[in-house]
Amino acid sequence: MSLADKYVPGDIESKWYERWESANIFHSTPDHREPYTIVIPPPNVTGMLHMGHMLNNTLQDVLVRRARMMGKNACWVPGTDHASIATEAKVVKKLAEQGIRKSDLTREQFLEHAWDWTREHGGIILKQLRKLGASCDWDRTSFTMDEVRSQSVIKVFVDLYNKGLIYRGLRMVNWDPKAQTALSNEEVIYKEEQSKLFYLRYYVDEPAGSTDGEEQGAVTLTPDAPFDPTVKHQILHRDAEGRRYAVVATTRPETIMGDTAMCINPKDPKNSWLKGKRVIVPLVGRSIPVIEDRYVEIEFGTGCLKVTPAHDTNDYMLGKTHSLETIDIFNPDATISEAAGMYVGMDREDVRRQIVVDLQAAGLMEKVENYVNKVGYSERNPSTAVEPRLCMQWFLSMQHFADIALPPVMNDELKFYPSKYKTTYRNWLENIQDWCISRQLWWGHRIPAYFLPAGEGEERFVVAESAAEALRLAREIPGYENISAEELRQDEDALDTWFSSWLWPVSLFDGINNPGNDEIKYYYPTSDLVTGPDIIFFWVARMIMAGYEYNGDMPFRNVYFTGIVRDKLGRKMSKSLGNSPDPLDLIAQYGADGVRCAMLLCTSAGNDLMFDEALCEQGRNFANKIWNAYRLVGGWKVDESLAQTDGNKMAIKWFDATLKKAVAEMDDHFAQYRISDALKTVYRLFWDDFSGWYLEMVKPAYQAPIDAPTMEATRGFFDKLLRLLSPFMPFITEELWQDLAPRGDESLCLASMPSVEEWNEELIVKFGPVGEAVSAVRAVRKAKNIPNREPLALKVICDDNYHTEFEPLLVKMAGLSGVEYVTEKDATAESFMVKTTQYFVPMSEKIDVDAEVEKLNKDLTYFEGFLAGVMKKLSNERFVSSAPAKVVETEHAKKRDAEAKIAAIKERLAALTK
RNA sequence: GGGAGCAUAGCUCAGUUGGUUUAGAGCAUCUGCCUUACAAGCAGAGGGUCAGGGGUUCGACUCCCUUUGCUCCCACCA
């Protein structure tokens, strides 16, 4: 093995990953062991690895590697998602660059392009995961549109339809005019926008000069005078010719062609004169009724609302309640349709600009105000504003699923980490809405519904797993006995991507097509799911639903929600900001082990993490530290004849206890999914306790040999440390572990994790003062500028806090010539105290009395203040009587210590100033 | 509008059912060291009235209330 003093990860990492993969050591098959299963949140098939994936997959890998080393049959199933809208959008864009329009292609031709694209880009991300060290069972790699998964989806659709849970309905859906498809509510992202509120003039359909409906006290406003929303009397508008009109505030003037009513609140005094009237839609000239509904906010705008049932969810509701006509003024691509009668063929954005001009020219625009409102955008087409649109879609009734998915999470059978997401989950399930599962896309699972010829405005269809089955079902319908296969027309739509992802934990083990097969029985429920809280509704909740529905049990026992990866300024990492580093560059620069550490060091479940490249440096440095510690130990020569010193024996006993304690701590951290803390524990153990203390304790003098038992113990410690580190840093640990002893075909990845054992806590406690004394001597050295190689004498007034068995370690670590036990203070020496023990370092030259006095006075002030605090507690009778005896005893001990220290300091001061 | 969460050292965060020193770590900073594994290192040091206010308690960073500031989620105010 190389002796380079810097660890170079590149070659080592690719070497080991290739060996692991060719030995197929991450492959799992059911056996007698306890299973540990994770299903990967499938990344988009054509996606590229980003920092979110890095975090997510590092965590999964740590969990799965640890489980594997703890003797479980670990199985991490990888795969990709077809991501229907996102992928179809990419393909459409690519085709457009070649001058091909989607509408010029047949479904089959388009799908051929999409598959080409998938084959070309698909799986890149899985290659990238290998660079990170992800220990997936690649034999199980799946795709949401592969055969097994597709069959599962179709089967589930048919089953749910037959159960009466899937239905078809004409609903107001969120329409993405660019992709020309419906979206689920969850796929719409609302963004605040600076926009305008337009006040339009709707003339009352009546002769000029009419006054009916007016009450005494009614006020007539000129166009310039604003409304006072608090007024309790009628407010009228009348133009110069005496014609009355209403004013409507709207953010979307381009939809007036679709207006079929104007609505006021029945309790609105200022608009009560409009009751029962009809008004004229500006520019359009159509007369529409004034309706009354309490939905209208009296104080918003003018209290008059234009109602466009075809293009607004609320207006649609109003339309239904008041039986209004519906005029759909948009084509699927959001250009104006024939039905609008004006601006036909123009884009909605252009129409808005144009109509504003036209309204102003016609004197129908009262005023324009700045206004901040929320506009919905398509999640997968973020630049496209969603258009509410009325159309026929497929829906899944959700109440049944909400009922089965809520209890297990609320009663912690299925645990969320952190648990705060239980509330989010409950809120969503308690207000569940039916899921629009159809998408007007080609890339995806085609809906297995087959339409039969039917009369005008009528729909007849059958739902079946295959065309043949559909034909059979169709022929059972009276009047269709002789229908031919050609007359059946399969629904053109595809299913929402999440309609396949929600089956993932079941479908990966083929539990839909082959219920109760050996694999699903063994691996399901899976153990942990690691994912982001942003897809708690899209995916997590729905998997829980499908898991219970299709495999009778929870899909996973624990869900670990990661945070969002932000840059160190707290901004979300995004392409447009350019603040997201390329994970592969980071790996190339710092090594996969280093980057893994970086991700883990800054994460705690559910909290966003500020990623700073400096953390990668820290990770890389840690790897280097491990490397160099190994070089040190590796360079030691054993002398079999050499007797083991008491100091070495003590060092081994102490580190053994320290290591065991750390193992227990890590175990506790893992049990609570505090992965970052678990890493920090082993980081400190290796860097401070092992390298900083233990190795320095047993390190032989330059070129001197080491005794055999100490060497053996040290190698044993190294072995355990590498095992503990392996889940976090699989590459460097494997490299060193292989060098530590001949391993044959064995891999550290499959070695056993040190288990939790009893440790000698007393030893650790007793070592505390030794460490402090060492630091104190070093501080003296530093203050006096004494080189490390110059040995120092140390005098000590022994007491209960001085443990002679550690003396050899004290001597070695502090660089002492020896320790002398004394009973008298030495006024000419530098002194310090650890707990109650006094130490003196004799100086060859005179000590700086003034500086020493000043320092002692500072200490004195501190301890006196400290003692005062303790005394205050102890003199409080209520404290002494109510606090637990143990706590009171600690206070007494603190008091004794402080008093002893104060006495010692005072004596020393007296001696110095004498 | 409803809900959740956060606020501790310059930065990122611990602080595990309220009681071990008058709050810890890592990074950063400062000061010494090229001490033969590691300068990607070693040794030492400075730095916080635990966001403000009130309450409960013998005792509060920790529990309750409130104010302020930030973040996120949900919701149909045109």
Side-chain angles (χ1 to χ4, degrees), chain A residues 3 5-7 190 197 248-252 255 263 295-297 299-301 304-308 312-317 371 373-374 388 418 420-421 423-424 426-428 431 533-534 536-537 564 568 570 590 594 601-602 604 606-612 614-615 617-618 620-636 668-669 672 674 676-677 680 683-684 691-692 695-696 699 701-703 775 778-783 785 787-789 815 835 862-863 865-866 868-870 872-873 876-884 886-888 890-891 893-894 897-898:
Chain A
L3 288 173
D5 64 354
K6 295 260 189 295
Y7 171 58
Y190 289 90
L197 194 55
V248 171
T250 179
T251 52
R252 301 205 57 193
T255 61
C263 190
Y295 161 75
V296 177
E297 290 285 331
E299 299 191 356
F300 185 91
C304 296
L305 171 73
K306 69 188 220 42
V307 184
T308 321
D312 183 279
T313 321
N314 305 302
D315 292 11
Y316 177 64
M317 272 166 34
Y371 183 69
N373 71 339
K374 286 188 176 173
K420 66 178 177 184
Y421 288 111
T423 319
T424 312
R426 193 186 64 216
N427 286 340
W428 189 68
N431 299 293
D534 50 331
I536 184 169
F537 308 135
I564 295 165
K568 64 178 172 184
Y590 300 102
L601 282 170
C602 61
S604 60
N607 290 333
D608 286 359
L609 48 107
M610 310 296 160
F611 181 82
D612 186 345
L615 289 165
E617 250 174 79
Q618 197 183 339
R620 176 200 60 180
N621 294 354
F622 185 40
N624 198 48
K625 185 74 186 177
I626 298 169
W627 180 259
N628 277 296
Y630 187 82
R631 284 176 61 223
L632 173 66
V633 176
W636 290 345
D668 185 46
H669 287 318
Q672 293 170 70
R674 300 206 291 230
S676 187
D677 289 337
K680 283 173 186 160
Y683 180 94
R684 267 196 293 274
S691 304
L695 288 181
E696 294 296 337
K699 182 176 170 181
Y702 181 55
Q703 287 190 331
S775 292
R778 286 170 177 169
V780 170
R781 260 185 210 286
K782 163 110 168 140
N785 238 328
N788 292 330
R789 60 181 88 82
K835 295 218 170 198
Y862 173 86
F863 283 110
F866 177 65
V870 175
K872 199 176 151 198
K873 274 193 188 176
N876 184 333
E877 199 165 319
R878 295 217 275 174
F879 168 73
V880 181
S881 54
S882 359
K886 211 177 142 190
V887 174
V888 178
T890 337
E891 291 305 313
K894 282 197 223 166
D897 277 14

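Chain naming here is simple, since letters A, B, ... match the order of the sequence lines and numbering starts at 1 in each.
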* **Atom pair OG/CZ of A:S691 and A:R684 - distance to nearest 0.5 Å** => 14.5 Å

* To do: Take atom P in B:rA43 and the same atom in B:rG48, then report the distance between them in whole Å.
  => 25 Å

* C1' atoms of B:rG52 and B:rU29, separation to the nearest Å -> 29 Å

* Between A:W636 and A:V633, is any pair of side-chain heavy atoms under 4.5 Å apart? -> yes

* Asked: So how far is it from A:D315 CG to A:Y295 OH, rounded to the nearest 0.5 Å?
  -> 6.5 Å

* Contact class for A:N876 (heavy atom, under 4.0 Å): base, sugar-phosphate, or nothing? -> sugar-phosphate

* Between A:N621 and B:rG41, is there a side-chain N or O to OP1/OP2 distance below 4.0 Å? -> yes

* Structure fact -> Quick note, A:Y702 side chain, CB onward, closest among B:rA43, B:rU36, B:rG19 is B:rU36

* To do: Answer whether the closest heavy-atom distance between the side chains of A:N628 and A:Y7 falls below 4.5 Å.
  => no

* Which sits closer to the 5' end of RNA chain B, A:E891 or A:L632, going by the nucleotide each is nearest to? -> A:E891

* **Same-atom distance (C1') from B:rG10 to B:rG54, integer angstrom** => 31 Å

* Roughly, in whole Å, what's the span from NZ in A:K420 to P in B:rA4? -> 12 Å

* What integer number of Å spans the C1' atoms of B:rA9 and B:rA28? -> 11 Å

* Rounded to the nearest 0.5 Å, how far apart are CG of A:N624 and CZ of A:R631? -> 8.5 Å

* **Distance between P atoms of B:rG53 and B:rC61 (Å, rounded)** => 13 Å

* Between A:K699 and B:rA37, is there a side-chain N or O to OP1/OP2 distance below 4.0 Å? -> yes

* Residue whose nearest RNA chain B nucleotide is more 5′ - A:L609 or A:F863 -> A:L609

* Run through A:K782, A:R778, A:R781 and flag the one making a side chain to side chain contact (heavy atoms under 4.5 Å, CB included) with A:N788. => A:R781

* To do: Answer with base, sugar-phosphate or nothing: what part of the nucleic acid does A:P884 contact at a heavy-atom distance below 4.0 Å?
  => base

* For A:N624 and B:rA40, give me the distance from atom CG to atom P, rounded to whole Å. => 9 Å

* Is there side-chain contact between A:T423 and A:R426, with at least one heavy-atom pair below 4.5 Å? -> yes

* Counting any heavy atom closer than 4.0 Å, what does A:Y862 reach on the DNA or RNA strands: base, sugar-phosphate only, or nothing? -> base

* **Nearest-Å distance once atom C1' is located in both B:rA40 and B:rA4** => 42 Å

* Structure fact -> Ranking B:rU16, B:rA37, B:rG19 by distance to the side chain of A:S691, first place goes to B:rA37

* **Secondary-structure notation, RNA chain B, from Watson-Crick and G-U pairs under 3.5 angstrom (| other strand)** => (((((((..((((.....[....)))).(((((.......))))).....(((((..]....))))))))))))....

* To do: Would you state whether a donor and an acceptor, one from the side chain of A:Q618 and one from the base of B:rA28, lie under 3.5 Å apart?
  => no

* Distance test, side-chain N/O of A:K680 to OP1/OP2 of B:rG24, below 4.0 Å -> no

* Asked: Roughly how many Å is it from CG in A:L615 to C1' in B:rC11, rounded to a whole number?
  -> 11 Å

* Structure fact -> Rounded to whole Å, OH of A:Y7 lies from P of B:rA40 at a distance of 18 Å

* Asked: Of all the choices, B:rC42, B:rG15, B:rA40, which nucleotide is nearest to the side chain of A:R674 once you look at every atom?
  -> B:rG15

* Find the distance A:D5:CG to B:rC38:P and express it as a whole number of Å. => 6 Å

* **A:L305 side chain reached by A:F300 side chain, heavy atoms, under 4.5 Å** => no

* Asked: Between B:rC38 and B:rG46, how far is it from one P atom to the other, in whole Å?
  -> 29 Å

* **Pairwise C1' distance, B:rU22 and B:rC42 [rounded to whole Å]** => 31 Å

* Taking the side chain of A:A883 as heavy atoms from C-beta outward, which of B:rG19, B:rG5, B:rU22 is closest to it? -> B:rG19

* Structure fact -> B/S/- along nucleotides 72-78 of chain B (protein heavy atoms under 4.0 Å) is -SSBBBB

* Ignoring backbone atoms, establish whether A:R878 has a side-chain N or O less than 4.0 Å from OP1 or OP2 of B:rC58. => yes

* To the nearest 0.5 Å, tell me how far A:K6 NZ sits from A:R620 CZ. => 8.5 Å

* Any side-chain N or O of A:S775 less than 4.0 Å from the OP1 or OP2 oxygen of B:rG44? -> yes

* Within this structure, what is the NZ-to-C1' distance between A:K872 and B:rA60, rounded to whole angstrom? -> 13 Å

* To the nearest 0.5 angstrom, please state how far the NZ atom of A:K306 sits from the SG atom of A:C263. => 12.5 Å

* **Residue A:R778, side-chain atoms from C-beta onward, closest of B:rA25, B:rA43, B:rA37** => B:rA43

* Could you tell me the separation between the CG atom of A:D534 and the C1' atom of B:rU71, rounded to a whole number of Å? => 15 Å

* To do: To the nearest Å, give me how far apart NZ (A:K886) and C1' (B:rC58) are.
  => 19 Å

* Asked: Hey, is the main chain of A:N427 close enough, under 3.5 Å, to the side chain of A:N431 for a donor-acceptor pair?
  -> yes

* When rounded to the nearest 0.5 angstrom, what distance separates CG in A:D677 from CG in A:L601? -> 10.5 Å

